[in-house]
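Read the structure below first, then the notes.
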Amino acid sequence: MADITVSLPDGSARTLAAGATAADLAADIGAGLARDAIAAVVDGEERDLVVGLPEGATVEIVTPGSDRGLETLRHSTAHVLAQAVLGLWPGSTFAIGPPIENGFYYDFELPDGATFGPEDLEAIDARMREIIAADQEFERVEATVAEALELFAGHAYKCEIIERVASGEADGELVDEADAGGAVSYYRNGDDFLDLCRGPHVPSTGRLGHFALQKVAGAYWRGDERRPMLQRIYGTAWSTAKELKVHLHRLAEAEKRDHRRLAAELDLVSWPEALGPGLAVWHPRGALVRKFIEDYSRSRHEAGGYDFVFSPHIAKSVLWETSGHLDFYADGMYPPMEMDGAAYYPKPMNCPFHVTVFESGQRSYRDLPKRYFELGAVYRYELSGAVHGLLRSRGFTQDDAHIFCTREQVPDELASLLDFTLSVLKAFGFEDFQAKLSTRPAEKSVGEDELWELATEGLRAALGTAGLDFVVEEGGGAFYGPKIDVDVTDAIGRPWQLSTIQLDFNLPERFELEYVGADGGRHRPVMIHRALMGSIERFFGVLLEHYAGAFPAWLAPEQVRVLPVADEHQAYAEQVEARLAAGGFRATVDPADEPLGKRVRSGKTAKVPHVLVVGDDDVANGTVGDNARGAEAPERDLPLEEFVDRLAATVAERR
RNA sequence: GCCCGAGUAGCUCAGUUGGUCAGAGCAGGCGCCUUGUAAGCGUCAGGUCGUCGGUUCGAAUCCGACCUCGGGCUCCA
């Protein structure tokens, strides 16, 4: 038999005996790779290691260290989860079990509507480890649709998947389970456990094991609330024990940063039951931080060429009919209040009001762009199950602006707007950004082709100028215009979508907005919606988690806490406090009615940036002992004026 | 909205085969201690055990409904 030659990702070639498999190739390259290999990519297609290689193929060996390898590992772990559950619950059936970010899930339906409890997870975990210890081989089998339907008879969800594949309707999410086309594949392992699956899988269950089952949740079959609710088990899986441990540690850290927990501990915000879900009250310390955020936002907008406007919280239905919100957004709106024969709706958005400001007078091209800014409180009827602290509430305040400009001004306006956006976000300590450009939807949309083109290219150019990484979501724009969304990455690597810059070709039409051009004729302006922080409440919540409650000095509600060592130092402590207050700083004195250690601890726990201790030496020399937040040891004998200068510099630099 | 889970003092929690089971720590008040760097000592007060109804001689404990919260599904800022 003739040899075959395959090429590797680095461009090199290898000659192997005819009939060689991907596993043979891995072994030929090296023993280490042979040990690590779990799958292969042959001519761009993910395959099992046991697949025979065709002559001339390009082959990449997949190891658990790569993203693709991890996906395979997680998918196979999900498969073992299903094997365990179906073994432990006779009569149960299963739906889909894909890999997801950091892990996997699998959806089940138990007999008689039974559900999983925490103790069940332990039993399943134990059974999974038995299967893994048995090191069962995964065997791929190809079948016709008819054969597959017979094999999976009694598993209605699997049959539904097979039928969808057969009819060619398979979409992205189903491709995980089976190939589009006439045939399907399934995998067999252990005691004849079968699961419909496109593959690939790791060679055997012994390759798995660094996983943890995490939680049980309800999930609708195919995400459709009209279809049955399945029992979903979530898990996480990694290629090494260390990675698993690091991930679990990261989750614990994230929980410690939970803004709802921090909001309570630091006395910032609460959600009294009497108000209703998704409605918060701001306590003095939280309100102070919020004020600094808003003050900064206002000052930047003032300097950035924005006009400030204000609008009421409610308006008659006619406004929302004209804007189209009652047609397209009614589900998200609070119900109307009837008064004097009219229906008044709480506003879910500020845009129609800003439009009315624009149309309150005749506009010349010389006036444009008009930029109207408002910290506008809006109310949206979020589903009760979706409400989540400050991150998803029913009442929130947008740092909202609407820009009206000529179409010629669009490119420049977008470029400066994106620059402005990033500059403001950076001031709050965010450094990593990721953008998404959403283009014209394939379905119905409004606006001329030429306008879409101009705006989309304007957005793309702005992203290029800003040097921002971005992905394009083709067809992801709203029907009324393209947009850019900007995510920030927080201190522990989580992305948060904050900013949005959105073109709108619809509202100017609906309100028949016009300006007078240089030619004396009437023209329709282009409208841009934009929010930088998105929602002040949400932004505050994100900041709280980003800083783990330790706000930088410029935002901290209490910047300095002065601790007299004993009563006799109280007067000096008050002098220090007064000096700081005179410098515009927020300082308090914690009198000596508790031991010093206790008070230091309290100050640290409250995450005050500077806890100052003053005793005999300080009274004599006009100094302080500074316990800076995060510092290893206190700095003693620091002249008060030097401390003040340093603090002033820190605040000025917004650190 | 739907599914699952949870709700005991301001906070974190203990207490369930139904019968002194209404408790602890922290926080708070009061008193003592006067402190040099992450929890000093004592003492007092606080809860109709989410709400309403049911089962029972008896319910924090069992059942039902509702409310709120959490995790998901869906949608988004």
Side-chain angles (χ1 to χ4, degrees), chain A residues 105 107 109-110 113-118 120 214-234 255 258 260-261 264-265 267 270-278 329 331-332 348-349 378 380-394 396-400 478 485-487 496-500 502 529-539 541-542 563-570 591-606 611-618 624-627 631-637:
Chain A
Y105 67 79
D107 287 346
E109 189 172 72
L110 299 182
T115 59
F116 295 116
D120 293 330
Q214 296 173 297
K215 56 198 170 194
V216 179
Y220 296 106
W221 168 232
R222 299 190 56 71
D224 184 340
E225 64 186 356
R226 292 163 304 189
R227 312 206 58 174
M229 171 72 65
L230 305 175
Q231 287 279 303
R232 176 172 295 177
I233 295 178
Y234 282 95
E255 196 178 326
D258 188 309
R260 293 160 302 183
R261 169 201 286 260
E265 283 174 2
D267 193 17
S270 64
W271 292 266
E273 280 203 17
L275 306 198
Y329 198 74
D331 287 349
M349 297 186 193
V378 297
R380 294 186 186 175
Y381 184 76
E382 296 290 349
L383 295 180
S384 62
V387 167
H388 179 87
L390 291 172
L391 301 181
R392 176 62 67 93
S393 55
R394 284 184 172 169
F396 60 97
T397 309
Q398 293 182 300
D399 62 329
D400 205 5
D485 293 314
V486 180
D487 285 5
W496 301 94
Q497 190 195 310
L498 297 180
S499 311
T500 185
Q502 197 151 356
H529 306 252
R530 45 109 287 181
L532 310 187
M533 302 168 188
S535 143
I536 301 292
E537 288 80 353
R538 181 167 187 271
F539 187 72
V542 170
L563 314 185
V565 170
D567 283 346
E568 66 216 66
H569 311 117
Q570 175 72 17
D593 48 13
E594 295 280 4
L596 185 62
K598 168 83 171 273
R599 286 177 289 142
V600 169
R601 179 184 155 81
S602 297
K604 294 285 190 186
T605 306
V611 175
L612 300 186
V613 173
V614 294
D616 286 338
D617 298 345
D618 300 295
V624 298
D626 177 24
N627 293 266
E632 288 289 319
E635 181 177 1
R636 294 278 301 269
D637 305 318

For A:R530 and A:S499, indicate whether the former's side chain and the latter's backbone hold a donor-acceptor pair under 3.5 Å.
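Not at all, since once roles are kept as given, no pair shorter than 3.5 Å links the two residues.
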OP1 or OP2 of [N] sitting under 4.0 Å from any side-chain N/O of [X]?
{"X": "A:H388", "N": "B:G71", "result": "yes"}
{"X": "A:R261", "N": "B:U12", "result": "no"}
{"X": "A:Y381", "N": "B:G1", "result": "yes"}
{"X": "A:Y105", "N": "B:G71", "result": "no"}
{"X": "A:R260", "N": "B:C11", "result": "no"}

Distance between [atom1] atoms of [N] and [M] (Å, rounded):
{"N": "B:C3", "M": "B:U8", "atom1": "C1'", "result": "26 Å"}
{"N": "B:A9", "M": "B:G50", "atom1": "P", "result": "8 Å"}
{"N": "B:U61", "M": "B:U56", "atom1": "C1'", "result": "13 Å"}
{"N": "B:U51", "M": "B:A60", "atom1": "C1'", "result": "14 Å"}
{"N": "B:G31", "M": "B:A59", "atom1": "P", "result": "43 Å"}
{"N": "B:G7", "M": "B:C62", "atom1": "P", "result": "10 Å"}
{"N": "B:A38", "M": "B:U20", "atom1": "P", "result": "46 Å"}
{"N": "B:G15", "M": "B:C75", "atom1": "C1'", "result": "42 Å"}

Under 3.5 Å on both distances, the Watson-Crick or G-U partner of [N]:
{"N": "B:G1", "result": "B:C73"}
{"N": "B:C62", "result": "B:G54"}
{"N": "B:G40", "result": "B:C32"}
{"N": "B:A45", "result": "none"}
{"N": "B:U17", "result": "none"}
{"N": "B:G10", "result": "B:C26"}

[X], nearest nucleotide to its side chain (from [options]):
{"X": "A:S393", "options": "B:C69, B:U34, B:A77", "result": "B:A77"}
{"X": "A:V565", "options": "B:A77, B:G36, B:C69", "result": "B:G36"}
{"X": "A:V613", "options": "B:G70, B:C73, B:U37", "result": "B:U37"}
{"X": "A:Q497", "options": "B:C73, B:G70, B:A77", "result": "B:A77"}
{"X": "A:D616", "options": "B:G36, B:A77, B:C73", "result": "B:G36"}
{"X": "A:Q231", "options": "B:C4, B:U74, B:A77", "result": "B:C4"}
{"X": "A:N627", "options": "B:U37, B:C69, B:A77", "result": "B:U37"}

What residues, two or more places apart in sequence or in another chain, satisfy side chain to side chain donor-acceptor pair (under 3.5 Å) together with [X]?
{"X": "A:Y234", "answer": "A:R232"}
{"X": "A:D567", "answer": "none"}
{"X": "A:E273", "answer": "none"}
{"X": "A:N627", "answer": "none"}

Without decimals, in angstroms, what is the distance between [X] [atom1] and [N] [atom2]?
{"X": "A:D258", "N": "B:C11", "atom1": "CG", "atom2": "P", "answer": "16 Å"}
{"X": "A:R232", "N": "B:C4", "atom1": "CZ", "atom2": "C1'", "answer": "13 Å"}
{"X": "A:I233", "N": "B:C73", "atom1": "CD1", "atom2": "C1'", "answer": "16 Å"}
{"X": "A:D107", "N": "B:C4", "atom1": "CG", "atom2": "P", "answer": "15 Å"}
{"X": "A:D637", "N": "B:U37", "atom1": "CG", "atom2": "P", "answer": "13 Å"}
{"X": "A:L390", "N": "B:G70", "atom1": "CG", "atom2": "P", "answer": "11 Å"}
{"X": "A:D487", "N": "B:A77", "atom1": "CG", "atom2": "P", "answer": "12 Å"}
{"X": "A:Y220", "N": "B:C4", "atom1": "OH", "atom2": "P", "answer": "10 Å"}

What contact category does [X] fall into here, base, sugar-phosphate, or nothing, at under 4.0 angstrom with non-hydrogen atoms?
{"X": "A:V378", "answer": "nothing"}
{"X": "A:D618", "answer": "base"}
{"X": "A:Y234", "answer": "sugar-phosphate"}
{"X": "A:L563", "answer": "nothing"}
{"X": "A:P564", "answer": "nothing"}

Given side chains that start at C-beta, do those of [X] and [Y] come closer than 4.5 Å, heavy atoms only?
{"X": "A:W221", "Y": "A:E109", "value": "no"}
{"X": "A:P564", "Y": "A:R599", "value": "yes"}
{"X": "A:F539", "Y": "A:L498", "value": "yes"}
{"X": "A:V565", "Y": "A:D616", "value": "no"}
{"X": "A:P277", "Y": "A:R394", "value": "yes"}

Just confirming the chi classification of B:G5, syn or anti, using 90° around 0 as the syn window.
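Glycosidic conformation of B:G5: anti.
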Could you check A:P634 against A:L498 and say which one's nearest nucleotide on RNA chain B is further toward the 5' end?
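Final value for this comparison: A:P634.
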Pairwise 5' ranking along RNA chain B for A:R394 and A:V611, keeping only the more 5' one:
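Its nearest nucleotide being more 5', the pick is A:R394.
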Using the six-membered ring for Trp and the full ring for Phe, Tyr or His, decide whether A:F396 stacks on the six-membered base ring of B:A77 (centres under 5.5 Å, planes under 30°).
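Base of B:A77: stacked against A:F396.
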Does the base of B:A27 carry an N or O that pairs as donor and acceptor with the side chain of A:E265 under 3.5 Å?
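It does not, because no donor-acceptor pair links the side chain of A:E265 to the base of B:A27 below 3.5 Å.
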Review item, nucleotides 38-49 of chain B N/O atoms under 3.5 Å of protein N/O:
{"unit_1": "B:A39", "atom_1": "N7", "unit_2": "A:R601", "atom_2": "NH2", "d": "3.4"}
{"unit_1": "B:A39", "atom_1": "N6", "unit_2": "A:R601", "atom_2": "NH2", "d": "2.6"}
{"unit_1": "B:A39", "atom_1": "N1", "unit_2": "A:R601", "atom_2": "NH2", "d": "3.2"}

As an exercise, state the distance from CD1 of A:I536 to CG of A:L390, rounded to the nearest 0.5 Å.
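With rounding to 0.5 Å, CD1 (A:I536) is 11.5 Å from CG (A:L390).
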Considering residues at least two apart in sequence or located in another chain, which fulfil the side chain to side chain contact (heavy atoms under 4.5 Å, CB included) criterion with A:S535?
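Only A:F396, A:E537, A:R538 meet the side chain to side chain contact (heavy atoms under 4.5 Å, CB included) criterion with A:S535.
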